[in-house]
2 protein chains.
Amino acid sequence: MALEHALLVSLSEQAASGLDLTHRFDKSIGYFWTASHQQIYRVLGRMEGDGWVHCEVVAQQGRPDKKVYAVTEPGRLELERWLAEPTVTDPIRSELMVKIRGASYGDRAAIIEQARESLEDHRKRLSLYEFLESKDYPNPDLLEGRELDICLVLRGGVRLERFWIDWLTDYIDAHTRTTTKERRP
Amino acid sequence: MALEHALLVSLSEQAASGLDLTHRFDKSIGYFWTASHQQIYRVLGRMEGDGWVHCEVVAQQGRPDKKVYAVTEPGRLELERWLAEPTVTDPIRSELMVKIRGASYGDRAAIIEQARESLEDHRKRLSLYEFLESKDYPNPDLLEGRELDICLVLRGGVRLERFWIDWLTDYIDAHTRTTTKERRP
DNA sequence: CCTACCTATGCAACTCGTTGCAATGGGGCC
DNA sequence: GGCCCCATTGCAACGAGTTGCATAGGTAGG
């Protein structure tokens, strides 16, 4: 599995505390991988035990101390090894899709309503991503290396949200059309 | 969580044994939810204990007996309840996306190769879905109710594969362009 | 002043899912 | 005859992720 490796990627970009990482997983990296703070702390502990990261306690004013983690040489090698390893395409899971498949065994109107809510949700996320894109990467053609990668992943997020928006719109339309079919010429 | 409910949906369509369900999860329902046979057997056992399904042992010729499960009234009610319940959008996880974000800490060429393999994979799945679509739903405008739902979910699969294909193509292009930039006028 | 939330770390218990293995008997292939 | 794969069910161990809770000082608002 890969939370370890996601953390190695994030810590390679910039050393960070558990909470910093938690915040990053609510944004950027979080587009395509999520983790709760509890899990991050636990995995960081394990990674320290394995010698992949090492931590330094930093005292702060008016705040609790924080433990700033950085990748060690064995960690860097592990990341390299993992990056070169073949990747299996992870299956997608969508509860909403399962519900839609089973809509005829319950209240279809309620499910269409859930689709509308989901649509709203994806629209919000899309505008956030588009905002980030225009703010951070106004000239994508000039990018190279790591910046290009990060920009492309963000564009992946944009495309994925568009996929959901398009499909959910189709779904809602198809069922609205069905119910009002007889009223049209 | 929802494997229970995915099984209820599938069993509502048609009573089935554990192995039948396993096969279904390798297709149709499996577009947006996956499960191994071990997990299916375990969950079926739990569901029987909860009285959501009931099973009948069917003897077969030259094969082991099979236990055919069907949804009970309490199971039907539970499905209905779950269908009406609000749905949280499940996060997507893509190991490949994480790798791509971290590509500059390893062998980028190897990661582009993984992207190519993934692209192949998604192309194969797309042609399977398109084949199923043209075979089972040649006239989507005439569909209603459950059949419409199932067809729309399949179309969701098609769209999702197209998303991956488009994005992966972009990714590969962007990095090919970068490396060969200086050769162009 | 009290409430409530933020920073920062973490434990414990649980559920969900994966991996590896096993039993049993049939059919097909060489 | 020997080998391997299929159908069918299942257990056991593990790993990944979630939920609930705890501590403990700081700051902001009513």
Side-chain angles (χ1 to χ4, degrees), chain A residues 1-8 11 15-26 29-30 32-50 52-53 55-69 82 87-95 98, chain B residues 1-8 11 15-26 29-30 32-50 52-53 55-69 82 87-95 98:
Chain A
M1 243 303 312
L3 178 55
E4 269 96 335
H5 299 105
L7 291 174
L8 284 176
L11 290 175
S17 70
L19 198 61
D20 293 339
L21 288 165
T22 305
H23 294 322
R24 289 187 200 170
F25 272 81
D26 289 337
I29 273 258
F32 291 99
W33 207 270
T34 53
S36 62
H37 71 101
Q38 291 92 335
Q39 205 197 342
I40 288 172
Y41 284 116
R42 183 159 18 121
V43 171
L44 277 176
R46 186 167 67 222
M47 288 167 77
E48 199 186 3
D50 291 345
W52 292 1
V53 294
C55 98
E56 201 177 331
V57 178
V58 176
Q60 300 182 108
Q61 290 209 328
R63 294 178 173 193
D65 294 357
K66 67 177 175 179
K67 294 162 83 171
V68 175
Y69 290 87
W82 174 74
T87 312
V88 282
T89 307
D90 354 45
I92 17 86
R93 310 203 132 179
S94 167
E95 203 166 308
V98 177
Chain B
M1 243 303 312
L3 179 56
E4 268 98 334
H5 299 105
L7 291 173
L8 285 175
L11 290 175
S17 70
L19 199 62
D20 293 338
L21 288 165
T22 304
H23 295 322
R24 290 188 200 170
F25 273 79
D26 289 336
I29 273 256
F32 291 99
W33 207 271
T34 54
S36 61
H37 72 101
Q38 291 92 335
Q39 204 197 343
I40 288 172
Y41 284 116
R42 183 159 19 121
V43 171
L44 277 176
R46 186 168 65 222
M47 289 167 77
E48 199 186 3
D50 291 344
W52 292 1
V53 294
C55 97
E56 201 176 330
V57 178
V58 176
Q60 300 182 107
Q61 289 210 326
R63 292 175 176 197
D65 294 358
K66 66 177 176 180
K67 294 162 84 172
V68 174
Y69 290 87
W82 173 75
T87 311
V88 284
T89 306
D90 354 46
I92 16 85
R93 312 202 130 182
S94 167
E95 202 167 307
V98 176

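First the proteins, then the strands, lettered A, B, ... as listed; each starts at 1.
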Distance test, side-chain N/O of A:Arg93 to OP1/OP2 of C:dC16, below 4.0 Å: no
Among C:dT9, C:dT7, D:dG17, find the nucleotide with the atom closest to the side chain of A:Arg63. C:dT7
Taking the side chain of B:Lys66 as its heavy atoms from C-beta onward, which of D:dG10, D:dT8, C:dT9 lies nearest to it? D:dT8
Looking at D:dT18, D:dG10, C:dA8, which one has an atom nearest to any side-chain atom of A:Gln39? D:dT18
Mapping A:Pro91 and B:Pro64 to their closest nucleotides on DNA chain C, which lands nearer the 5' end? A:Pro91
Can a donor-acceptor pair be found, under 3.5 Å and without considering hydrogens, that links the side chain of B:Asp20 to the backbone of B:Ser17? yes
Could you give the CG-to-C1' distance, from A:Asp20 to C:dC6, as a whole number of Å? 14 Å
From the set D:dA7, C:dC21, C:dG17, return the single nucleotide nearest to any side-chain atom of B:Gln38. C:dC21
Among the nucleotides C:dA8, C:dG17, D:dT18, whichever has the atom closest to the side chain of A:Arg42 is D:dT18
To the nearest angstrom, the CD-P distance between B:Gln61 and C:dG27 comes to 10 Å
Any idea which heavy atoms bring B:Phe25 and B:Ala35 closest together, and the distance? CD2-N, 3.9 Å
Selection from D:dG17, C:dG17, C:dT9 that lies nearest to any side-chain heavy atom of A:Leu3: D:dG17
Is there, by distance only and without an angle test, a donor paired with an acceptor across the side chain of B:Arg46 and the base of C:dT15 below 3.5 Å? no
Do the non-hydrogen side-chain atoms of A:Leu44 and A:Leu11 ever get within less than 4.5 Å of each other? yes
Between P of C:dT9 and NE2 of A:His23, the distance in whole Å: 10 Å
Specify the separation, in whole Å, of atom NE2 of B:His37 and atom P of D:dC11. 13 Å
Rounded distance (Å) that lies between atom C1' of C:dA8 and atom OH of A:Tyr69: 11 Å
Among C:dG17, D:dT8, C:dG10, which nucleotide sits nearest the side chain of A:Lys67? C:dG10
What's the closest nucleotide to the B:Ser36 side chain, out of C:dT19, C:dA8, C:dC16? C:dT19
Within a reach of under 6.0 Å around CD of B:Gln60, are more than 12 heavy atoms found that belong to other residues, nucleotides or ligands? yes
Would you please classify the geometry between the A:His5 ring and the A:Trp82 ring as parallel, tilted or perpendicular, with 30° and 60° separating the classes? parallel
What is the separation between atom OH on A:Tyr41 and atom P on D:dT23, rounded to the nearest whole Å? 17 Å
A:Ile40 CD1 to D:dT18 C1', in whole Å, measures 13 Å
Expressed in angstrom and rounded to an integer, what is the separation of B:Leu19 atom CG from C:dG26 atom P? 18 Å
